[in-house]
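All remarks here apply to the structure that follows.
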Amino acid sequence: MPTYPAEPFRIKVVEPIRQTTREERERLLAEAGYNVFKLAAETIYIDLLTDSGTGAMSDGQWAGIMQGDESYAGAKNFYNLQAAITDIFGFKHWVPTHQGRAAENILCNTLVKAGDMVPNNAHFDTTGANIRAAGGHPIDLVIDEAAIPSSTYPFKGNMDIAKLESFIQSTDRERIPFGMITLTNNTGGGQPASLANIREVSRVYRHYGIPFFIDACRYAENAYFIKLRETGQGDRPVIDIAREVFSLADGCTMSAKKDALVNIGGFLCMNDGTLFEAVKQELILREGFPTYGGLAGRDLEAIARGLYEGLDADYLAYRLAQTAYLGEGLLAAGVPIVQPPGGHAIYVDAGAYLPHIPREEYPGQALTIALYQAGGIRAVELGSVAFAYTDQETGEIQYPPLELVRLAIPRRVYTRSHMDFVISTFSEITRQKDALKGIRIVKEPKLLRHFTADFEIIA
Ligand SMILES: *Cc1c(COP(=O)(O)O)cnc(C)c1O
């Protein structure tokens with residue numbers, strides 16, 4: 001077992017959670033069409049659906065909430081957040097947004113034209129969707145190791161530099177409005193990119209005159225992975241690493257619901273003054289005046305304080321160790337996971353865990369259902385339910401490479417005993433896993449079916 005540092009906080013407010021009986025859970029699941037998105041959160045014991053906006057704020061952040069200046073324009077909290085962003089991110093211009101996808105939406109509406117292409121290590125689903133909505137194509141160029149669950153390569157979020165160069169050389173420069181890298185790579189299991197790789201990515205984009213935007217959601221976790229794993233980086237303060245990373249780019253999109261430790265918020269940064277003028281126009285249309293961008297003054301204050309708390313080395317050591325602890329515990333219990341454990345989540349390889357369930361019968365959904373039945377635990381399927389689609393030309397179903405179930409860990413919310421409970425629930429499932437049945441979809445919408453589809457267990 002890896003070391004698990006004692007939580008670097010003590011608990012001042014508690015939120016009761018209640019375990020239901022297995023009987024209750026069987027009934028609730030049937031009522032929800034065996035879709036855990038449709039369960040009332042109060043009926044869940046441990047909720048690992050997402051780490052987005054689900055974290056606990058500190059007493060300092062709550063004190064900041066009471067100092068919210070709710071003036072329409074020029075609230076003092078805007079200036080506080082501006083000072084934090086200038087200090088850590090260092091970009092010349094920025095605007096607040098209500099969450100990360102709003103920053104992506106404004107960036108894409110301003111820069112992406114029909115037929116454009118945007119390279120990335122791997123686009124998050126909202127980023128890809130915003131590029132497509134503007135008529136563009138998201139291009140994923142992550143290294144090959146990212147697709148091998150058992151590979152313990154320390155920087156599986158790295159961009160493949162050779163693929164990036166050949167993509168740019170074979171594409172009309174006019175078709176690439178900007179390039180990205182996502183830190184950490186959420187889609188690929190919360191895996192980090194190395195500082196050496198980010199420097200190379202920056203060098204290539206700059207060589208070809210392509211503006212470089214970082215999807216910065218988990219930049220602090222990425223910076224701590226660099227400190228832990230990259231030669232020569234171990235003695236640097238985390239904030240220093242973060243500052244260097246952003247100095248290599250021309251801007252960033254940020255969901256503050258991740259490493260800024262708040263429940264809502266985001267921002268968009270850039271150096272280009274002309275772009276900033278266009279962004280402000282879009283912002284006023286969609287989010288609000290440039291000093292609040294769809295957020296209350298108190299939200300801006302909580303982000304300003306959360307940005308520094310998210311970079312604290314003791315917090316990050318605990319955060320990454322907690323995730324690793326869950327991952328190692330599952331491996332020891334015979335559960336295959338995407339290795340090595342990422343920053344914010346453990347991805348279980350449900351296809352390998354339940355080899356008797358074919359992918360047409362959704363092994364990931366079967367495991368998601370079993371987790372709730374056995375322990376009141378909510379996870380999310382990221383396999384064929386979420387990603388399989390019918391090819392319009394051939395009429396064939398295209399399956400994703402892996403049948404994954406994600407266990408995302410909310411920040412500063414659950415303790416080691418909660419992680420132990422998740423591991424022991426898995427052990428219980430493992431003992432009877434050969435009896436788990438496949439799943440059938442009863443009713444599905446056209447788009448993003450995993451959120452609202454109804455399922456049944458195949459008898
Ligand atoms: C969450 C997330 C986003 C979108 O942010 P929201 O605040 O949910 O809109 C974008 N990119 C990555 C990598 C994310 O994890």
Side-chain angles (χ1 to χ4, degrees), residues 52-53 64-65 67-114 116 118 123-136 138 177-180 211-217 219 246 249-260 262-307:
S52 180
I65 291 269
Q67 290 171 16
D69 168 357
E70 305 306 342
S71 308
Y72 189 89
K76 73 173 179 215
N77 315 107
F78 168 81
Y79 295 105
N80 292 347
L81 178 51
Q82 176 150 283
I85 289 177
T86 306
D87 181 31
I88 300 165
F89 295 74
F91 297 112
K92 290 199 187 96
H93 311 287
W94 74 285
V95 291
T97 60
H98 81 277
Q99 57 183 88
R101 69 197 67 187
E104 296 163 359
N105 182 259
I106 288 168
L107 184 67
C108 292
N109 269 307
T110 314
L111 292 182
V112 178
K113 296 178 302 302
D116 281 357
V118 179
H123 290 271
F124 182 66
D125 56 6
T126 60
T127 323
N130 270 304
I131 292 167
R132 284 197 196 90
F178 58 94
M180 299 188 81
F212 175 21
F213 280 80
I214 295 177
D215 178 338
C217 298
Y219 78 99
F246 292 115
D250 303 302
C252 73
T253 57
M254 174 75 185
S255 168
K257 301 169 75 171
K258 320 291 173 41
D259 279 357
V262 294
N263 305 117
I264 196 74
F267 50 85
L268 170 62
C269 299
M270 72 227 81
N271 284 331
D272 182 338
T274 316
L275 175 63
F276 181 51
E277 292 308 316
V279 159
K280 276 191 291 189
Q281 294 309 306
E282 283 285 321
L283 191 84
I284 291 168
L285 268 181
R286 293 163 198 282
E287 297 285 288
F289 189 72
T291 65
Y292 75 86
L295 295 170
R298 54 180 172 269
D299 296 327
L300 300 170
E301 188 62 32
I303 298 171
R305 296 177 184 212
L307 282 173

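Note that the numbering runs from 1 along the sequence shown for the chain. All values below come from the heavy atoms of this structure, side chains included, with hydrogens, waters and symmetry mates left out.
- Asp69 and Asn77 form no side-chain donor-acceptor contact under 3.5 Å, judged by distance and modelled atom types alone.
- Here the CZ-CD1 distance, from Phe246 to Ile214, works out to 5.5 Å after rounding to the nearest 0.5 Å.
- Rounded to the nearest 0.5 angstrom, Ile131 CD1 and Asn105 CG are separated by 11.5 Å.
- With hydrogens and angles disregarded, a donor-acceptor distance shorter than 3.5 Å links the side chain of Thr97 to the backbone of Gln99.
- Rounded to the nearest 0.5 Å, atoms CG (Leu81) and CG (Leu307) are 6.5 Å apart.
- Under the 4.5 Å side-chain criterion, counting only non-hydrogen atoms from C-beta, Cys217 is not in contact with Asp259.
- Phe213 has its side chain within reach of Met270: a pair of non-hydrogen atoms, C-beta onward, lies under 4.5 Å apart.
- Using a 4.5 Å cut-off on side-chain heavy atoms (C-beta onward), Phe178 and Leu107 make contact.
- The nearest pair of heavy atoms linking Pro138 to His123 is CB-CD2, 3.3 Å.
- Between Glu282 and Asn109 the shortest heavy-atom distance is OE1-CB, 3.6 Å.
- Heavy atoms only, all atoms of each residue included: Ala249 and Asn271 are closest at O-ND2, 3.9 Å.
- In terms of heavy atoms, Gly273 sits closest to His93 at CA-NE2, 3.7 Å.
- By the 6.0 Å contact criterion, NZ on Lys92 is open, its count of non-hydrogen atoms from other residues, nucleotides or ligands being 12 or less.
- Closest of all the heavy-atom pairs between Lys258 and Ser52 is CE-OG, 3.2 Å.
- Partners of Cys269 under the side chain to side chain contact (heavy atoms under 4.5 Å, CB included) rule, at least two apart in sequence or in another chain, are Ile85, Phe91, Trp94, Cys252, Phe267.
- Of the N and O atoms on the side chains of Thr253 and Glu104, not one donor lies less than 3.5 Å from an acceptor on the other residue.
- Screening Thr291, Ile106, Leu283 for a side chain to side chain contact (heavy atoms under 4.5 Å, CB included) involving Val95 leaves a single residue, Leu283.
- Less than 6.0 angstrom separates the ring centroid of Tyr292 from the ring centroid of Tyr72.
- Within the model, atoms CG of Leu268 and NZ of Lys280 stand 12.5 Å from one another, a figure rounded to the nearest 0.5 Å.
- One N or O on the side chain of Glu70 and one on the backbone of Gly297 form a donor-acceptor pair closer than 3.5 Å.
- Atom CD1 of residue Ile303 and atom CZ of residue Arg305 lie 13.0 Å apart, to the nearest 0.5 angstrom.
- With contacts defined as side-chain heavy-atom distances shorter than 4.5 Å, the pair Asp272/Pro211 does not qualify.
- Residue Asp299 holds its CG atom at 6.0 Å from CD1 of Ile65, rounded to the nearest 0.5 Å.
- Taking all atoms of both residues into account, the shortest heavy-atom contact from Val112 to Pro177 is CG2-CG, 4.1 Å.
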